[in-house]
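One structure is given below, encoded as C-alpha cells.
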Protein chains: 2
Amino acid sequence: MSITREKIMELGETLIRTKGYNAFSYQDISSELGIKNAAIHYYFPSKENLGTSIVRTNIQRFEEMLENMHSRGFDEWQQLETFIKIYIKSHREQKLCIVGSLGPDFNTLNETTKTELVRMTEIILKWLADILTKGRDKKLFFFKEDPQNKAVVIFSSLVASLQLTRIIDRLDYKNIYQSITENLKP
Amino acid sequence: MSITREKIMELGETLIRTKGYNAFSYQDISSELGIKNAAIHYYFPSKENLGTSIVRTNIQRFEEMLENMHSRGFDEWQQLETFIKIYIKSHREQKLCIVGSLGPDFNTLNETTKTELVRMTEIILKWLADILTKGRDKKLFFFKEDPQNKAVVIFSSLVASLQLTRIIDRLDYKNIYQSITENLKP
DNA sequence: TTGGTTACTTACTTATTAGTAAGTATATTT
DNA sequence: AAATATACTTACTAATAAGTAAGTAACCAA
C-alpha cells in the first residue's frame, strides 16, 4: 500500500481524535504532509471515504488485538487490562478514542461512516459483555448487574474519562482507571 | 430580556447538543427562527459569545437546581437521582449534555468558552464528590474508592452513555442508569 | 418635535470548505 | 519504442462560513 495513503489516514485519525470530525479539513492534512489537497482526494475522493476507512482500520486493529490476546491465552482480567491500557495510552497522547470523538458527531456523519461506527461500538460492547460473563462464571469478576449493562457502564467510563481529563487535566487518570475495575473485585 | 435573544440561545444549545459546536452555523439558527444572520450577530457578535453564554446559562441552571434541592432538604440519594433524571430527560430528547458535546471539541473552542466549560465541569464534579463523601459518612452510600475518582467515574458513565445510546439506540438506558448507582448500595 | 435607543434588515466581504477537471512526470508493462 | 498506470500538481469552482457597515422602522424620552 502507498505510504502517502497511510500517512493521510494516520494524520486523519489524529485530527479526528484531537479536533473532531467537523473541525478538521483536507487542508490540515495537505499542509502538514507537504502535498496538495487534490492528492488527498486522489486516495479518498470524499471526506466520507477517509472517515469510513479510518473507522474500518480501527475495527481491524481491535480484532487483531483480540486474536492476539486469544492466541496468548489471556484470561479475562488480562484482557480487560489490555483494553484499558489502550485508554491510558490515548490519555498520554492527549487523544480521545474513535468512538468518543465520532459519537458526539454521529448525526452529522454520512451513512457509511455511521454504519462502521455502529459496527465498531457493537463489537467492543459484545466483547466486553462476553468477558464479563465468562470472568464472572470463572469467579474472576464479582458483580450483580447484567453483564451487557455493566459493559456499557465500563465502556462509557473509559470513553468519557478521556473527554473529562481533557477539560480538567489535573485529574488523576490512573486512579480513575483503577476505580473502574475496583468493583469487579470481591 | 429579549425573546429573540432567548430563542437564539435555546436553539443554539439544541444544535450544540445534537450536531456539535463545529457543525452548526448562524444560518441554521436564522433560517429556523425566520430572521437574518446579522440579527444573531446583533445579540452575539461572534459564535464565541453565543457558545460562552450557553455554557454560562447551563452553569446557572445547575446552581439553581442545587439551591432548589437544598431548600427542599433532599438527602444524598435524592440529589443523585435528581441529577440522573437530567440525563434520562436528555436521552429522551436525543440530546447529549453540554459537557459531553463540547468536551470532544475542547481544543477547537476559544479561551472564554473553554474557561466556562472547565468551570462547569469542576462545579459538577465537586458537587458529586461532596454528596458521595457526605452520603458515605451518613451510611447512605457504600464504596471503597476515593470519592473524587468515584465522582469522575459516575459522571463519565452518564456523559458517555448518552453518546453510546445515540450510536446504538437499542441499549436499555434505564437499566444502564440503574447499573451506575447499583454499586453504591450495600 | 427632535434625538436617541432598540431591534433588526440589506447587502456585502473575506476566508475556508469539499470537490473536480485537466495536465504532467515517473515508472511499469507490452 | 509505445502505451498504460501510478501518483501526484495546477488551477479552478461552488457552497458555505463568520463577520461587518450602513440603512431603516418603531418606539420612547426630553
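Per chain, numbering begins at 1; letters A, B, ... match sequence-line order.
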Cation over ring, B:Lys47 on B:Phe24, under 6.0 Å and within 45°?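 Yes, cation above the ring, under 6.0 Å and within 45°.
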
NZ or CZ of A:Arg136 within 45° of A:Phe142 ring axis and under 6.0 Å: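 So A:Arg136 doesn't make the cation-pi contact.
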
As a test of reading the structure: which of [options] is closest to the side chain of [X], going by heavy atoms?
X       : options                : value
B:Thr4  : C:dT20, C:dC8, D:dA18  : C:dC8
B:Gln27 : C:dG19, D:dT16, C:dA21 : D:dT16
B:Tyr43 : C:dA7, D:dA18, C:dG19  : C:dA7
B:Ala39 : D:dA7, D:dT10, C:dT9   : C:dT9

Between [N] ([atom2]) and [X] ([atom1]): distance, integer Å:
X       : N      : atom1 : atom2 : answer
B:Ile40 : C:dA7  : CD1   : P     : 16 Å
A:Lys19 : C:dT16 : NZ    : P     : 12 Å
A:Ile35 : D:dT10 : CD1   : C1'   : 15 Å
B:Phe44 : D:dA17 : CZ    : C1'   : 19 Å
A:Lys7  : D:dA7  : NZ    : P     : 14 Å
A:Leu33 : D:dT9  : CG    : P     : 11 Å
B:His41 : C:dT10 : NE2   : P     : 16 Å
A:Ile29 : C:dG19 : CD1   : P     : 12 Å

Give A:Lys36 one of three labels, base, sugar-phosphate or nothing, depending on what nucleic acid heavy atoms sit under 4.0 Å from its own.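 Base: the residue A:Lys36, judged by heavy atoms under 4.0 Å, touches a nucleobase.
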
B:Phe24 near the nucleic acid: base, sugar-phosphate alone, or nothing, with a heavy-atom cut-off under 4.0 Å?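 Sugar-phosphate, no base atom in range.
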
Do the rings of A:Phe155 and A:Tyr87 sit parallel, tilted or perpendicular, given the 30° and 60° boundaries?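 Taking A:Tyr87 first and then A:Phe155, their aromatic rings stand perpendicular (interplane angle over 60°).
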
Want to settle it: does A:Asn37 or B:Arg5 sit nearer the 5' end of DNA chain C, counting the closest nucleotide to each?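 Comparing both residues, the 5'-ward one is B:Arg5.
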
Check this for me: does any side-chain nitrogen of one of A:Glu111 and A:Lys114 sit under 4.0 Å from a carboxylate oxygen of the other?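 Looking at A:Glu111 and A:Lys114, the cut-off is met.
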
Is the phosphate of C:dT16 approached by A:Ser25 (side-chain N or O, under 4.0 Å from OP1 or OP2)?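 Looking at the OP1 and OP2 atoms of C:dT16, neither is under 4.0 Å from any side-chain N or O of A:Ser25.
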
Distance below 4.0 Å between A:Tyr42 side-chain N/O and D:dC8 OP1 or OP2: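 A:Tyr42 to D:dC8 OP1/OP2: no side-chain N or O under 4.0 Å.
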
Option from B:Lys134, B:Lys138, B:Lys139 for which salt bridge (Lys or Arg N to Asp or Glu O under 4.0 Å) with B:Glu76 holds: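 So, applying the salt bridge (Lys or Arg N to Asp or Glu O under 4.0 Å) to B:Glu76 and each of B:Lys134, B:Lys138, B:Lys139, only B:Lys138 qualifies.
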
